[in-house]
Every structure is written in C-alpha cells, then in structure tokens.
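Okay, so here's the structure we're looking at.
Residue numbers begin at 1 in each chain, while the letters A, B, ... track the order of the sequences.
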Amino acid sequence: MLTIRQIRDNEEYAIERLSVKGVDARATIEAIEELDDRRKALQTKLDKNLASQNSISKQVGALFAQGKKEEAGAARESVSALKEEARALEEELKEAESALTAQIVTLPNFPSVEVPAGRTAGDNVVVRQGGDIPVLGDSAVPHWDLVARYDIIDFELGVKLTGAGFPVYKGQGAALQRALITYFLDCNIAAGYTEVMPPLMVNEASGFGTGQLPDKEGQMYHATDDNFYLIPTAEVPVTNIFRDVIVDASQFPIKYTAYTPCFRREAGSYGKDVRGLNRLHQFDKVEIVQVARPEESYDALEGMVSHVEGIVRSLGLPYRILKLCGGDMSFTSALTFDFEVYSAAQGRWLEVSSVSNFESFQANRLKLRFKGDDGKMRLAHTLNGSSLALPRIVAALLENNQTPDGIIIPEVLRPYTRFDKIK
RNA sequence: GGAGAGAUGGGUGAGUGGCUUAAACCAACAGUUUGCUAAACUGUCGUACGGGAUUACUGUACCGGGGGUUCGAAUCCCCCUCUCUCCGCCA
C-alpha cells in the first residue's frame with residue numbers, strides 16, 4: 001500500500017500518476033485527506049485525555065498515602081469521567097483509522113515515470129526482441145500432441161489423480177523438469193542470488209504481507225483445518241522473510257532465489273488459453289527476489305531483466321521483452337517487464353517471466369525498513385521476477401525444437417538432462 | 001494428541017498492583033585519554049502515531065497477540081498464538 005506521506009506530500013502528483021494506471025483518484029484522495037485530518041485531531045484529543053488520567057491516577061496514590069481520603073475519592077471519580085470520554089474518543093479514532101486504511105488500500109502503486117500510457121496489453125511496448133522464430137514443417141504439432149507422442153507428460157493421468165491442470169511428468173519429461181530447475185537455480189546463484197527453500201504453505205499473515213489476502217483469496221488453495229494457504233508463487237514466502245524486519249543497510253542489495261511448485265486455482269479461466277501447459281493449477285517456477293536501497297532499485301531492476309534475458313537467450317528461444325503500459329500493470333507494481341517466448345506450433349507468444357520493481361509499495365505493508373544514513377527509518381524497495389516459470393518454457397522448447405526424429409535439447413541443458421534428444 | 005514450564009528492548013536478564021521514567025550487564029555508537037592495539041572513563045543508545053518555530057522540546061501507545069478487573073497493570077483474570085521439556089504417534 002501507499003504511505004499517507006506519498007499521497008499527501010503532493011496530491012496533484014499522486015492524482016496524475018494514478019491516472020496513468022487508468023485510475024481517477026481525486027475523490028479518494030480528498031476523502032483520505034479529510035479522514036487523516038480527522039484522525040490527527042482525534043488522536044490529539046485522546047492523548048490529552050489519557051495524559052490527565054495518568055497524572056491524576058498518580059496523585060490518587062499519593063493522596064491515599066497522606067491519608068487525604070476525600071480528595072483521593074474525588075480524584076478517582078474525575079478519572080472515571082475522563083475514562084468514559086476516552087472510550088468514546090477511542091471508538092471514533094478506530095473508526096477514522098480503519099476508514100482511512102480502507103481508502104488507502106484501494107489505490108494502486110504509482111507507476112514510474114518510465115511507464116508508457118495505455119489501457120490494454122496491446123499498448124505494451126516491445127523493448128527488445130531476440131532469437132530466431134523457427135520455420136517448422138507441415139508435420140509440426142503443438143506440445144500437447146508432442147508430449148503424448150513421446151509419453152513425457154500425461155494430463156489424463158493427472159486428472160485421475162487430482163484433476164485438470166495437475167500434469168504428471170514422466171521419463172524424459174520429468175528429467176527435463178529437474179534439469180530446467182537446476183539450471184535456472186545455478187544461473188541465479190552464479191549471479192549472486194542465495195538459494196532458499198521455503199515452505200509451500202503459508203499462514204494468513206504472510207498472505208496479507210504480500211497482498212494475496214484479502215483481495216485474491218479465491219486464487220489460493222486453502223487448507224482450512226490449519227488455516228494455511230498453498231503458495232501461488234515463491235514470492236509469497238520469500239518476500240515474507242522480510243516482514244517486520246529492519247535490515248542492516250550494509251546488506252543491500254539482498255538477493256534470494258527459490259524454486260517452488262506454485263499452486264493456483266485459476267478460477268474463471270477457460271478455453272484454448274488453458275490448453276496443455278499454457279495454464280496449470282500446479283507448476284514449477286524459479287523465482288528471484290531483491291531487497292534494495294531505494295536509490296538503487298532501478299539499477300537492480302535493469303540487472304534482473306538482463307539476467308533473465310541471458311537465461312532465455314541461452315536456451316535458444318525466440319523472445320521479446322515488453323514494458324507494460326499503465327493499464328496492463330499489476331496493482332502493486334511501479335514498473336514491469338514481461339518476457340515472452342514464441343511458441344512456433346501454436347503461433348503465439350507465451351509469457352514466461354514478469355520482472356517488477358514494487359518500490360516501497362510492498363515494503364510498506366510488510367514493514368520492511370532500514371536505517372538511513374541520517375539515522376531515520378526508511379522503507380526499502382522490493383523487486384521480484386520469474387527466472388523462470390517452467391511450463392511455457394517447456395512448451396516452447398518442445399514445439400520449436402521438434403524434428404522428425406525427436407526433440408532437440410538445448411546445449412546448456414545437456415549436462416543436466418544427460419541426453420541430447422527426447423525420443 | 002496428552003501433561004507441564006515459559007514468552008520482558010539488538011542480546012542476557014531483574015521486576016508479583018503506585019517508590020519503574022522497565023534495573024543491571026553485554027553489544028553498538030560518539031567523545032576523552034593513549035606511540036599502536038587494547039583497556040579505562042564519560043555520554044548516547046527502541047518503534048509507531050500526535051503536538052510544536054517542524055529546531056528545541058513534548059504527549060500517547062507498545063513487556064508474544066487480543067480482551068477484562070482497577071483511580072492505577074509488565075505484574076491480577078480470561079481467550080489465542082508460539083517456544084521449550086516429557087509422553088504418545090511418526091519419515
């Protein structure tokens with residue numbers, strides 16, 4: 001969430017920034033201003049009341065000690081009167097505070113000045129494109145046919161065991177998953193990221209920390225007996241490592257990477273977009289997370305983008321990098337780059353990574369801070385990205401590398417798969 | 001799952017209703033002293049939200065979380081969470 005400072009320091013600027021995301025925030029910001037003033041006035045009043053309660057109560061003890069019972073009794077009564085008033089004030093203050101928070105959380109993060117204007121995915125800007133789009137013969141087929149032909153991924157078996165969207169990887173298909181995960185992790189570790197293996201279930205507080213709760217509750221699987229949620233991405237446990245943490249400024253930039261399965265209910269998805277590996281309820285992903293000093297977070301973002309680009313390039317996949325426009329960005333992001341790889345047999349681009357700088361938007365909710373050079377507490381910046389999500393990478397690899405006598409494994413993966421062809 | 005014991009600042013740890021403005025020690029930071037290192041001494045040493053000339057200064061809240069009793073709660077009561085020990089179950 002935004003800080004009250006960010007909103008009130010320059011209200012016109014805030015309104016202008018939010019309009020880039022297609023949000024007309026004027027009315028909300030005016031309401032925030034009013035509620036914040038109200039909150040401050042109430043707190044001042046309540047604090048004064050409490051201060052007199054404290055000092056009178058202290059006198060009561062002294063008066064009793066001196067044997068002045070009547071005066072003590074009178075003082076006692078005056079505190080009781082103050083208490084009643086305080087109860088009412090407290091009630092009002094709580095109301096004002098929660099009304100204020102309720103307004104603030106409706107506002108998305110400010111998009112950075114770099115964000116292009118636009119409303120839909122069509123307005124995203126291609127910043128780079130690389131690799132060659134292969135020309136496949138007439139016999140080329142989409143990955144859902146290939147995986148059946150080579151018996152490497154069994155969707156029907158997954159349906160039997162669990163349900164749609166829970167594939168079973170078999171033989172060389174399973175080995176390919178393991179190879180990709182290990183390869184991605186090795187790339188990230190080589191780039192200075194520390195590997196972590198977090199829990200795959202998180203508690204409610206963690207869900208709130210990264211903003212999955214309360215808004216996206218329906219997107220997570222919920223183990224109700226223990227009130228745990230299956231993680232939709234490693235971002236949730238890894239970023240929550242920093243919840244309520246004051247980091248030592250000398251630690252910046254903090255770089256973590258984690259492989260986890262990801263679980264998403266994907267309620268409401270249907271059609272050809274979800275065919276095969278395009279959209280699953282359980283899939284594998286390697287994530288990178290950074291916590292950075294605010295002044296350095298955009299350099300960090302650039303570093304993450306070129307790092308991910310290097311990995312995609314090493315796999316020999318045709319790719320492009322998009323800078324998302326205001327209307328297509330997530331609620332929490334300040335600047336996002338999406339990576340897409342070209343799926344030759346489907347004839348479409350598939351999103352395989354999303355790399356974002358959240359500036360202080362997540363950190364504010366997480367209370368992730370550090371002590372600045374002036375000794376004052378400041379919010380850190382958080383960033384994350386996929387590096388990479390497996391299913392669509394696998395889809396593109398299978399489709400683009402298919403030949404009449406098997407599917408070619410990219411050079412860089414062969415030390416991990418220990419075979420050079422799926423057949 | 002059962003029984004018991006606990007949770008106090010960055011750390012150790014005292015504090016069983018007002019004398020606590022949370023002691024003391026350690027760590028950290030600044031200064032003094034000093035050939036160097038070390039030591040000693042002095043001082044500083046939380047977070048959040050308010051008031052204020054946005055300096056100084058000052059108010060309130062916070063002793064795992066939430067409620068309650070009381071003029072007054074770290075301290076008494078209730079609920080919850082977590083940790084430790086023992087038992088049970090278990091890869």
Side-chain angles (χ1 to χ4, degrees), chain A residues 1-10 32-105 197-209 213 222-229 237 240-251 254 360 362-380:
Chain A
M1 60 194 281
L2 292 168
T3 63
I4 190 82
R5 268 250 157 105
Q6 280 177 294
I7 297 166
R8 294 205 65 178
D9 273 359
N10 189 341
I32 286 170
E33 193 181 352
E34 210 167 292
L35 285 165
D36 189 39
D37 287 341
R38 184 171 155 70
R39 185 194 115 250
K40 286 182 185 173
L42 284 167
Q43 199 196 321
T44 305
K45 222 166 153 187
L46 176 63
D47 283 356
K48 281 194 178 135
N49 177 304
L50 292 174
S52 19
Q53 281 191 47
N54 285 342
S55 73
I56 296 171
S57 291
K58 205 160 267 187
Q59 287 165 29
V60 172
L63 289 169
F64 268 121
Q66 294 164 26
K68 299 179 180 171
K69 288 218 169 115
E70 249 170 66
E71 286 175 55
R76 221 193 274 200
E77 268 167 47
S78 70
V79 172
S80 298
L82 282 170
K83 251 187 122 168
E84 215 155 295
E85 193 196 348
R87 236 188 280 271
L89 283 170
E90 243 165 73
E91 191 72 23
E92 278 186 83
L93 181 61
K94 241 182 223 172
E95 266 170 42
E97 272 170 354
S98 58
L100 181 61
T101 310
Q103 290 291 324
I104 293 173
V105 296
M197 276 191 135
L200 305 182
M201 288 186 170
V202 294
N203 58 27
E204 214 169 22
S206 294
F208 277 103
L213 295 173
H222 189 191
T224 52
D225 278 353
D226 296 290
N227 200 23
F228 294 151
Y229 292 86
N240 270 285
I241 290 172
F242 299 100
R243 170 156 49 88
D244 293 320
V245 165
I246 298 168
V247 300
D248 181 350
S250 68
Q251 307 278 298
I254 299 167
S360 63
Q362 277 187 331
N364 186 34
R365 196 192 276 254
L366 289 166
K367 297 198 181 71
L368 163 52
R369 297 166 297 169
F370 68 100
K371 199 170 266 190
D373 297 333
D374 58 357
K376 288 202 174 136
M377 285 297 169
R378 297 179 61 195
L379 292 170

Could you check which of rA48(B), rU70(B), rU60(B) has an atom nearest any side-chain atom of A51(A)?
-> rU60(B)

Any strand: nucleotide that pairs with rA7(B) via Watson-Crick or wobble, under 3.5 Å = rU81(B)

Do NZ/NE/NH1/NH2 and the carboxylate oxygens of R8(A) and D37(A) come within less than 4.0 Å?
-> yes

Determine, for R39(A) against D36(A), whether the closest basic-nitrogen to carboxylate-oxygen distance falls under 4.0 angstrom.
-> yes

Identify which nucleotide among rC71(B), rG59(B), rU47(B) has an atom closest to any side-chain atom of R369(A), counting heavy atoms from C-beta outward.
-> rU47(B)

Determine the interatomic distance between C1' on rU47(B) and the same-named atom on rA53(B); round to the nearest Å.
-> 26 Å

Output the single nucleotide from rA61(B), rU47(B), rC71(B) whose closest atom is nearest the side chain of S57(A).
-> rC71(B)

Does rA24(B) fall in syn (glycosidic angle within 90° of 0) or anti?
-> anti

Residue M377(A), side-chain heavy atoms: nucleotide from rU47(B), rC71(B), rA61(B) that is nearest = rU47(B)

Of all the nucleotides listed (rU60(B), rC49(B), rG72(B)), which has the minimum atom distance to the side chain of L50(A)?
-> rU60(B)

Across the strands shown, which category fits A75(A) at heavy-atom distances under 4.0 angstrom: base, sugar-phosphate, nothing?
-> nothing

Under 4.0 Å between any heavy atoms, over every strand shown, what does K83(A) touch: base, sugar-phosphate, or nothing? Just pick one.
-> base

Integer angstrom distance from the P of rA24(B) to that of rC79(B) = 37 Å

With rounding to whole Å, what would you report as the distance between rU42(B) and rG52(B) at their P atoms?
-> 40 Å

Indicate whether OP1 or OP2 belonging to rG50(B) is found under 4.0 Å from a side-chain N or O atom of R39(A).
-> yes

Any idea which of rG50(B), rA48(B), rC71(B) is nearest the V60(A) side chain?
-> rC71(B)

